[in-house]
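For the numbers below, each heavy atom of this structure counts, side chains included, while hydrogens, waters and symmetry mates do not. For clarity, every value in this text was computed on a predicted model and none was experimentally measured.
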Amino acid sequence: MFWNEKQEQVVNNAEAGVIGHGGKSGGTVKKSDARRTEIESMTANLPKGVQKAFLAAYDDGKKLEIAFVGTSALGKGAGGWSDMVEKQLETAYGTSFVDVVTYQYDGGSSGFLTSSLAEEVASASYDIVFLEGFTLEDNGEISIDQSLVNVGAIVDLLVSGNPDVQIILMCKLFCSRHTQFMRPSITRGKLSN
């Protein structure tokens with residue numbers, strides 16, 4: 001309870017742009033510098049590109065735009081994991097700093113690619129996108145190779161909307177009890193193992 005109150009106090013002070021006195025130069029020091037340090041600390045275990053996205057948004061004084069994109073497995077509006085993560089991000093960073101949107105598509109990756117929703121997500125130019133690989137919906141409908149091609153095309157579409165987008169690919173496809181875990185990586189919109 002104490003920590004939550006202290007965290008809320010720090011966030012509120014940073015959002016209000018509270019100014020304190022001190023520092024080596026003898027001038028005023030913005031307490032928001034403490035907020036930047038806090039964001040650095042809170043994102044320290046995230047991929048470097050994601051860390052940079054958080055800090056760039058903070059430094060530019062803009063909201064960090066985050067999207068969850070995938071199927072109904074995201075659980076939007078049903079108390080699913082995307083709702084829980086959205087709430088935790090807003091609690092940790094403040095609603096004045098992060099804006100989280102969830103896009104659920106009822107179907108597989110092929111349908112998503114040809115839908116208006118895919119273009120809508122790409123044109124929104126999100127800073128960070130959590131992308132579900134559509135594996136559950138693709139299973140039995142298209143080959144695994146085609147599913148991978150489609151995920152690569154979705155990544156390319158997102159990158160075309162924002163070349164600096166950070167994509168976190170969430171996909172059960174790369175880990176099963178029959179195969180060794182493979183860590184996918186995305187470099188400049190290209191998916192590789």
Side-chain angles (χ1 to χ4, degrees), residues 42-57 63-89 93 98-193:
M42 291 168 68
T43 60
N45 293 323
L46 296 175
K48 294 292 183 204
V50 174
Q51 292 176 30
K52 288 179 184 178
F54 270 87
L55 293 173
K63 275 191 168 188
L64 182 71
E65 304 289 338
I66 301 172
F68 294 103
V69 179
T71 68
S72 60
L74 297 176
K76 178 183 177 182
W81 75 264
S82 65
D83 293 338
M84 291 185 283
V85 173
E86 176 179 349
K87 183 177 181 181
Q88 289 299 316
L89 286 168
Y93 296 100
V98 295
D99 186 28
V100 183
V101 178
T102 301
Y103 294 92
Q104 283 188 178
Y105 179 75
D106 187 23
S109 59
S110 296
F112 179 78
L113 271 170
T114 60
S115 73
S116 61
L117 188 58
E119 282 296 327
E120 179 183 335
V121 174
S123 66
S125 299
Y126 288 97
D127 300 306
I128 300 171
V129 175
F130 289 81
L131 177 64
E132 179 202 351
F134 292 90
T135 309
L136 294 174
E137 293 293 331
D138 283 351
N139 188 25
E141 299 296 322
I142 60 174
S143 70
I144 193 67
D145 291 336
Q146 184 59 52
S147 185
L148 286 171
V149 167
N150 289 350
V151 169
I154 293 168
V155 167
D156 288 342
L157 186 62
L158 294 169
V159 170
S160 74
N162 176 6
D164 296 323
V165 66
Q166 297 300 305
I167 299 169
I168 298 173
L169 183 61
M170 307 171 302
C171 191
K172 192 170 182 157
L173 165 71
F174 299 104
C175 184
S176 77
R177 60 178 192 219
H178 302 292
T179 61
Q180 288 185 340
F181 178 77
M182 297 184 313
R183 178 180 226 156
S185 64
I186 299 174
T187 306
R188 298 186 195 257
K190 304 297 179 200
L191 179 67
S192 62
N193 292 339

Please report the closest heavy-atom contact between [X] and [Y], naming both atoms and the distance.
| X | Y | value |
| --- | --- | --- |
| L158 | V129 | CD1-CG1, 3.9 Å |
| Q166 | V50 | OE1-N, 3.7 Å |
| E137 | E141 | O-CG, 3.5 Å |
| G133 | S147 | O-OG, 4.2 Å |

Could you tell me the separation between the [atom1] atom of [X] and the [atom2] atom of [Y], rounded to the nearest 0.5 Å?
| X | Y | atom1 | atom2 | answer |
| --- | --- | --- | --- | --- |
| T135 | M170 | OG1 | CE | 10.5 Å |
| L89 | M84 | CG | CE | 12.5 Å |
| L46 | I168 | CG | CD1 | 7.0 Å |

Tell me whether the rings of W81 and F68 are parallel (<30°), tilted (30 to 60°) or perpendicular (>60°).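 Taking F68 first and then W81, their aromatic rings stand perpendicular (interplane angle over 60°).
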Taking the side chain as C-beta and beyond, is there a heavy-atom pair between [X] and [Y] under 4.5 Å?
| X | Y | result |
| --- | --- | --- |
| L55 | K52 | no |
| E119 | L157 | yes |
| V159 | I167 | yes |
| I66 | Y93 | no |
| I128 | F54 | yes |

Show the numbers, then the answer: is there a side chain to side chain contact (heavy atoms under 4.5 Å, CB included) between I154 and F134? CA-CA 11 Å; I154 293 168; F134 292 90; 3.8 Å; yes
Please set out all donor-acceptor pairs under 3.5 angstrom arising from side-chain atoms of residues 104-113, sequence neighbours excluded.
residue, atom, partner, partner atom, Å
Q104, OE1, G75, N, 3.1
Q104, OE1, K76, N, 2.5
Y105, OH, G111, O, 3.3
S109, OG, D138, OD1, 3.2
S109, OG, D138, OD2, 2.6
S109, OG, N150, ND2, 2.9
S110, OG, N150, ND2, 2.9

Got a sec, which residues hit side chain to side chain contact (heavy atoms under 4.5 Å, CB included) with E65, two or more places apart in sequence or on another chain?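 So E65 forms a side chain to side chain contact (heavy atoms under 4.5 Å, CB included) with K63, D99, Y126, D127.
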I'd like to check the side-chain hydrogen bond (donor to acceptor under 3.5 Å, both in side chains) partners of T71; sequence neighbours left out, ordered by chain and number.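 Scan of T71 (side-chain hydrogen bond (donor to acceptor under 3.5 Å, both in side chains), adjacent residues dropped) gives E132.
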